[in-house]
Protein chains: 2
Amino acid sequence: MEAYTKLLFFWSINVIHARIYLRNRFRKTPENCLFSLQLVHFVQQRLFRTLNINLLNGTTIKQLAKELNLSAGSVSKALKDSHEISSETKQKVLALAAKYHYTPNPYASSLRKRKSKTIAVVLPEVADSFFSLAINGIESVAQAKGYHVLIYLSHEDFKREEQILSAFRSGRVDGILISVSEETSQADHIKEVLTAGIPVVFFDRIFDDIEAAKISTNDFEGAYEATRCLLERGCKKISFLSIAANLSITSKRVQGFQKALHDAHIGATDADVLLCSNDMEQNCRLIRQLLEQRDKPDGIIASVEKLVTPVYLVSKQLGMAIPDDLKVIGFTNLHSASILEPSLTTVTQPAFEIGKTAASVLFKGLEEKHFTLSAQTITIPSMLVERASTRGNQ
Amino acid sequence: MEAYTKLLFFWSINVIHARIYLRNRFRKTPENCLFSLQLVHFVQQRLFRTLNINLLNGTTIKQLAKELNLSAGSVSKALKDSHEISSETKQKVLALAAKYHYTPNPYASSLRKRKSKTIAVVLPEVADSFFSLAINGIESVAQAKGYHVLIYLSHEDFKREEQILSAFRSGRVDGILISVSEETSQADHIKEVLTAGIPVVFFDRIFDDIEAAKISTNDFEGAYEATRCLLERGCKKISFLSIAANLSITSKRVQGFQKALHDAHIGATDADVLLCSNDMEQNCRLIRQLLEQRDKPDGIIASVEKLVTPVYLVSKQLGMAIPDDLKVIGFTNLHSASILEPSLTTVTQPAFEIGKTAASVLFKGLEEKHFTLSAQTITIPSMLVERASTRGNQ
DNA sequence: CTGAAAGCGCTAACAG
DNA sequence: CTGTTAGCGCTTTCAG
């Protein structure tokens, strides 16, 4: 019965408080809001707090300390196996922590320690298999190291990329892995984050004129080899399908392509590089035009994954036989490359490895004091896997 | 010169402190650790702190307040456009905040407000296109709502899934989106999280006997339609390739398959369902066995994406023509379905939509007090897209 | 070896 | 309208 009286007492107190609160808070509403939902909610909250009912939250260090007649500090130390705690105490603490499934509040400790054990991964998109595999690589390292992974997609939009990056100045993450958007042509937003002291590792789509760690594949050589392969298989005129020209991967691949042509004493013109977009219909039209013209290519290099499908589609529509009329190579990790008809020769990207390496390098930078992250520029080779789409026909 | 003296003074003080500290901290090392790396590091840190040098961190509310001759409280209110702050003050605060690129420390406010504006996405894997698209859907909603997305992969491992989930009891995330692993056959780990007050939304691979929101596709109907399609195209014996039997998606798809056979007055035996694994070589062998036996099927349904490739590969190896000798349907979102030869009839999964819906429902549950999340069971229809791999041959 | 105390940056109640 | 105050839960000195 006493408990009931107590409750009633609190109730009346709280109703008074609530009215004042509500009058302040929701000015517009008149005073007769006495039984509004907000009031009920407020009183409820208040009651719980007054009666010290912890609704949602897990065990805290304080509670453990109280139950063990220890101080919070000692419990904290015991939990991290500090040498200044007796093993006896440690055991007691650990036992109780296990019993209550104690999990430290990450926000409290991040606040205090000024680091969050969290990294951000900023990607342009995650539709194709390249970035999926990269995420896989990143996540596997992060999980092993006890880090958490926040994912952000820029959707190839520079404005969004800027917004995403600018939010990191708050210290939400200890480090950033980024593959820049197609639209990204300058790196002020990244420099700002760097000067705020947050390490950045570029992967795949790196940005050359900035001092930061860069993990990528050998784009130049990959394209060079691909072009060589087509030439060796008898191609006389090769077209290179490319995307956003300002991307490092694009320009290097184009360079590799042109160098290979040059080395084979074939004049390379800009007309051999077809700039594609994100609009697939548009791309199909472009490729169709390319393959319908009089001076059409007998070899095509699709420099990113998403350009493979249009090439196959259009050549089918036009009745061109691969590899007899047209030889094709794609930069891709697609599992289905081997079951395409004909199976597709690929410059297989080390996607998982790139992700894994990027994450490893970042963690190394975070954990080892005397490791200059920005000096890390690692190139992981891609692999030319020849399949039926480039089979020779002479 | 004075600054130099001051520095020297601090240096000596700190060296003394450092020695004591080090002796305590690294017991094993003898006292002659005077010039160890740890010492240098310690002194450095200490110096920075003493001289009040804030190395990494951004602007704080306190700093803004000081510069504006306001209290921290008022600045905080001004920043969130509280009605109890004059518009004049607000403007000043906002201006200064913009000038200094003030970004609130998320850990401080999460700690205080007991919510993090962060959700977790727990996935079995992210190699194929289904989960990629789902992530895309989730992220797009999250970004719009100002939420952050943590990604965790269980790698189809129940133990890991448990570990991942158990870490969420600490309040790291406000809500969880999960697609369970193949090995998950009981849901205690999820119930624990739920009783800790953290809302959970299942997507795609849901778990039936638990009270939580569930977003999935019409697995039963999809399989039913696929089977019907094969029967209509003249198949007499259909095999259903499946994975881990305890998954909801698997059992429902198998049921749809069997119901369709049953409705067509064809006896369905368990032998028609081929249980595949994660080991691709193993799967190829199984499928090969299947297609080599005397009583081999003339129709195959690959109930998950990764089983499509083996079917095409093996049938090619065995010289079986699709669709003449064997008709194939796959549950998949693969872009390349249309460029396979023959192009693949698919039960196209609404992957993006599932992700988007799951996230939307979760956010609704988080933001609207009177919305019973657990009552949400939404089914988003898949779509049978017929292509060449099931073309009729009679 | 343990305890007390201060404070990370922010918010919300409460007082003026 | 603004200021003061008291924490959120944890870590880290520093004192005993």
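Proteins get letters first, then strands, A, B, ... in listed order; numbering begins at 1 in each.
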Report yes if at least one side-chain N or O of [X] is closer than 4.0 Å to OP1 or OP2 of [N]; otherwise report no.
| X | N | answer |
| --- | --- | --- |
| A:K62 | D:dC8 | yes |
| B:S110 | C:dC10 | no |
| A:S71 | C:dA4 | no |
| B:S86 | D:dC1 | no |

Calculate the interatomic distance between [X] atom [atom1] and [N] atom [atom2]; express it in whole Å.
| X | N | atom1 | atom2 | answer |
| --- | --- | --- | --- | --- |
| B:L64 | C:dC10 | CG | P | 8 Å |
| B:E84 | C:dA13 | CD | C1' | 10 Å |
| A:K80 | C:dT2 | NZ | P | 17 Å |
| B:I61 | C:dG7 | CD1 | P | 19 Å |
| A:N69 | C:dC1 | CG | C1' | 16 Å |
| B:R114 | D:dG7 | CZ | P | 13 Å |
| B:I85 | C:dT11 | CD1 | P | 13 Å |
| A:K113 | D:dG9 | NZ | P | 17 Å |

5′-ward residue of the pair B:K77/B:Y107 relative to DNA chain C: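 It is B:Y107, whose closest nucleotide lies nearer the 5' terminus.
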Any donor-acceptor pair under 3.5 Å from A:Q143 side chain to B:L153 backbone: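 Yes; judged by distance alone, with no hydrogens or angles, the pair exists.
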Side-chain donor or acceptor of B:S154 paired with backbone N/O of B:Y152 under 3.5 Å: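 Side chain of B:S154 to backbone of B:Y152: no pair is present.
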So what does [X] touch, heavy atoms closer than 4.0 Å: a base, only the sugar-phosphate, or nothing?
| X | answer |
| --- | --- |
| B:S109 | sugar-phosphate |
| A:S76 | base |
| A:T89 | sugar-phosphate |

Options D:dC10, C:dG9, C:dT2, nucleotide nearest the side-chain atoms of B:R112: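 Nucleotide nearest to B:R112's side chain: C:dG9.
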A:L111 side-chain proximity, nearest of D:dT2, C:dC8, D:dT12: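 Minimum distance to the A:L111 side chain belongs to C:dC8.
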Heavy-atom side-chain proximity of A:L165 to A:E192 below 4.5 angstrom: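 A side-chain contact under 4.5 Å is absent here.
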Heavy-atom pair of closest approach, residues B:F168 and B:A120: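 Taking every non-hydrogen atom into account, CZ-CB, 3.4 Å.
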Shortest non-hydrogen separation from B:R169 to A:T103 and the atoms involved: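 In this case the closest contact between B:R169 and A:T103 is CB-OG1, 4.2 Å.
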